[in-house]
Asks: 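Could you have a look at this structure, given as structure tokens, before my questions?
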Amino acid sequence: MSGSTARLDAIKAINAGYKVESMNFAKTPVTELYGSNVFTDEVMKDRIPKAAYKSFQKTLEDSGKLDESVADCIATAMKDWAIDKGATHFAHVFYPLTGSTAEKHDAFVAPDGVGKCVTEFNGRTLIQGEPDGSSFPNGGIRDTFEARGYTAWDITSPTYVLECDNGTTLCIPTIFVSWTGEALDKKTPVLRSMDALDKAAQRVLKLLGNTHVRKVSSSAGPEQEYFLVDNNFYYARPDLVSSDRTLFGASPAKGQEFDDHYFGAIPDRVLACMMEVERELYKLAIPVKTRHNEVAPGQYEIAPVFESANLATDHQMLMMYMVKRVAKKHGMTAIFHEKPFAGLNGSGKHLNWSLGNSSQGNLLDPGKDPHKNTQFLLFCAAVISAVDKHAGLLRGAIASASNDHRLGANEAPPAIISVYLGDQLNDIFEQIRKTGSAATSKKGGVMDFGMSAVPDLLKDAGDRNRTSPFAFTGNRFEFRAVGASQSIAGPIVALNTILAEALGEIGDTLESKINGGGDAEKASMEIIKELVDKHWRVVFNGNGYEDAWQDEAAKRGLKNLKTTPEALKELITPEVKETFKKLNVLSEVELDSRFNIYNEQYVMKINVEANLTEKVAQLSILPAAIRYQTELAENAMSLKAAGVEGDNTTLKNVTGLINSLVTAIDALKKARDKHFEDLAEEASYFAATVIPAMNDVRDVVDALEGIVADDLWPLPNYTEMLFIK
Ligand code: ADP
Ligand code: MG
């Protein structure tokens, strides 16, 4: 009986080695490389007239409108610069609601009528593009015959050239809207939410007596986790290829229980790949800073230094693209799925988020004596109140079929949104709640090891809490429930918008208190106390992984939305609609469209997985099991003929599992065969019925993996995928 040799071939191929292009940072120092493919401020300054440059800068600073002649000037400079760098084409890059990146390429080249060509690119083509909108999800905003969609240049995100082996393309970050002006993308609401936050924050800062207040912008620093799997295994796993996660796979003998992978030495091959990723990102001025092994075997992390939220969002998308692309060159596939391997930690994307400006600095920086820093405490209280009021929205903003596997699985925060403040801040707010003001701040201090070889350390005022979905981490909040494959745009929009709303309300109260003759400092303290008193239930400093927290949260009235269909409903509640409309971030129509699209994506995703489960189980697993069963049966017969008494336990077990598998596949088929008019209803049905039916098939397959002869097993197993590189 012969099985597939795919697995053995894969291992042989990996052993044969792979070739890496060698890089030499000594020859091209990183400082020279950095930003070399970006049309930076400096390049622009060099290449366009002074007046045009000044006008552009003014537009950036005042969030004003760009002058057409200035746009022409910039376009010409950009084209020349890109052509110098080997470009023949330009592309408007946008972020449709599929969650991925889309780009339409057009050549600079135009025939000159006498057999040669000229290159052209003007302000209009820089600013505006018109991709066919009908192929992107719109969630019911328009009928497909009304297909017009526009892309429009986002001047706050620099253009760049993207290299490939055969040349470069000038990439222009854009928004994407329908002919009727509705947002069809992820960037538009990010920009709108940044404007809303800027306005609300500036007003509060001015009311607090700051005379010189610059534009406030939100900042984001996303930490990206991912897995790397050798291509030879990857391509032998149809589930990984089509759904980005293993739909089957028994636990390996050795998993992550030794905790020996986290921060372990990075394997050479992986390090070489990481370095190449970093080099490519440096060229694009993406400030990657951190690299390390993560908890699960085969899992890694890459994190940049934070940037303005809009830029960070674009850069995050580019970063994922680059990790995937470079990994392929190194014979590996990068997997961003939130839970590619059952029983092992999944991947998240911690979103570090704050706000600030050049006049006041980081507004969530507590400073030396936070209890005296009323401005900081006021902004913090605003965040706490916003998160409590809109916890459902935040849960909705990170909802996806793949992230559902991770939330609440004792490796990532639970589906309950709560805020962790840490000892110091918690103590200050407790003081304010008791007495209306705070007199002290807990101090960090110095750690003296009493060893001459080790210098003293500065100790933070509070420890960390890894189990909280939304934690204050010293000078920012860290939204830890974001999934590894998600764009950070959604969570950023949600955070900026709800904070803008809270600051707007604070501004109103502050203004009326001050106008009534009150002192800004005193008025602020009153507001802080009122806010934290009202919203204290959302603060939780304990262990979020414990079951007790689920009960406690229920008592506090906090939502615990375990599945995406439940969580998505939070995007279209009357309160959310009002908030988003009031702040001009998303209209009711736009929110409804997103709700539809995300439900549809959920259903499609699970449907693909269910389909794959069925196919792989039927076409690969069942045949392998039957071959083994036949082999055992033949063996039993020969033994019997020879008069030897054999033990038929394995044959019986295999037969039992084969029968169960046939039943489970059939049940899954039936579960999928149901049709709905309403998308949200369909999504709930999939969560309640199709996923459990898929899990039933998996359980049997994984049991078979533990009993069928290894040389007959068709799929690379967990040990192979996770440990062989
Ligand atoms: P850890 O894994 O310990 O949480 P990392 O160093 O991996 O920390 O990531 C911290 C992230 O937080 C980095 O991307 C960092 O730039 C970012 N960050 C720091 N300050 C801010 C801020 N003010 N706003 C947004 N992000 C910030
Ligand atoms: Mg972190």
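For ligands, and for the atoms within them, numbers begin at 1 and follow the listed sequence.
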Asks: With salt bridge (charged side-chain N to carboxylate O under 4.0 Å, His left out) as the criterion, how do Lys329 and Glu276 come out once you've worked through the C-alpha distance, each side chain's angles and the decisive distance to 0.1 Å?
Replies: CA-CA 10 Å; Lys329 282 174 73 180; Glu276 191 169 336; 2.8 Å; yes
Asks: Could you tell me whether the side chains of Thr333 and Lys328 share a donor-acceptor contact shorter than 3.5 Å?
Replies: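 A pair is found: one side chain offers a donor N or O, the other an acceptor, under 3.5 Å apart.
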Asks: If you count the atoms of ligand 1 from 1 in the order shown, which ones are under 4.0 Å from a heavy atom of Val305?
Replies: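 The list of qualifying atoms is 16 (O).
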Asks: Step through it carefully: locate the ring centre of Phe470, locate the ring centre of Phe477, and say whether they are under 6.0 Å apart.
Replies: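 For Phe470 and Phe477, the ring centres are under 6.0 Å apart.
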Asks: Without hydrogens or angle criteria, can the side chains of Ser485 and His337 be said to hold a donor-acceptor pair below 3.5 Å?
Replies: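 No donor-acceptor contact under 3.5 Å links the two side chains.
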Asks: Going by the closest heavy atom to atom 16 (O) of ligand 1, which one wins out of Phe477, Phe306, Trp353?
Replies: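 Of the listed residues, Phe306 has the closest heavy atom.
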Asks: Could you see which bit of Glu478 sits under 4.0 Å from ligand 1, with heavy atoms only: side chain, backbone, both or neither?
Replies: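 The side chain, only.
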Asks: Give the numbers and elements of all ligand 1 atoms closer than 4.0 Å to a heavy atom of Pro304.
Replies: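 It comes down to these atoms of ligand 1: 13 (C), 14 (O), 16 (O).
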Asks: Report the member of His350, Arg476, Gln224 with the shortest heavy-atom distance to atom 10 (C) of ligand 1.
Replies: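 It is Arg476 whose heavy atom sits nearest to atom 10 (C) of ligand 1.
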Asks: Of the backbone atoms (N, CA, C, O) and the side-chain heavy atoms from C-beta on, which set of Asn352 has a member under 4.0 Å from an atom of ligand 1: side chain, backbone, both, or neither?
Replies: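 For Asn352, the contact with ligand 1 is made by both the backbone and the side chain.
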Asks: Give the atom numbers and elements of ligand 1 that come within less than 4.0 Å of a heavy atom of Ser219.
Replies: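 What qualifies from ligand 1 is 22 (C), 23 (N), 24 (N), 25 (C).
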Asks: Could you grab the distance from atom CG of Leu208 to atom CD of Gln375, nearest 0.5 Å is fine?
Replies: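 Between atom CG of Leu208 and atom CD of Gln375 there are 5.5 Å.
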Asks: Does ligand 1 come near enough to Thr290 that some N or O of the ligand is less than 3.5 Å from an N or O of the residue?
Replies: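 So ligand 1 has no N or O lying under 3.5 Å from an N or O of Thr290.
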Asks: Working note: Lys562 + Asp404, criterion salt bridge (charged side-chain N to carboxylate O under 4.0 Å, His left out); need CA distance, chi angles, decisive distance, verdict.
Replies: CA-CA 7 Å; Lys562 294 206 166 111; Asp404 279 359; over 6 Å; no
Asks: Between Glu301 and Gln224, is there a side-chain donor-acceptor contact under 3.5 Å, judged purely by atom types and distance?
Replies: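 There is no such pair between these side chains.
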Asks: Could you see which bit of Glu301 sits under 4.0 Å from ligand 1, with heavy atoms only: side chain, backbone, both or neither?
Replies: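 The answer is the side chain of Glu301.
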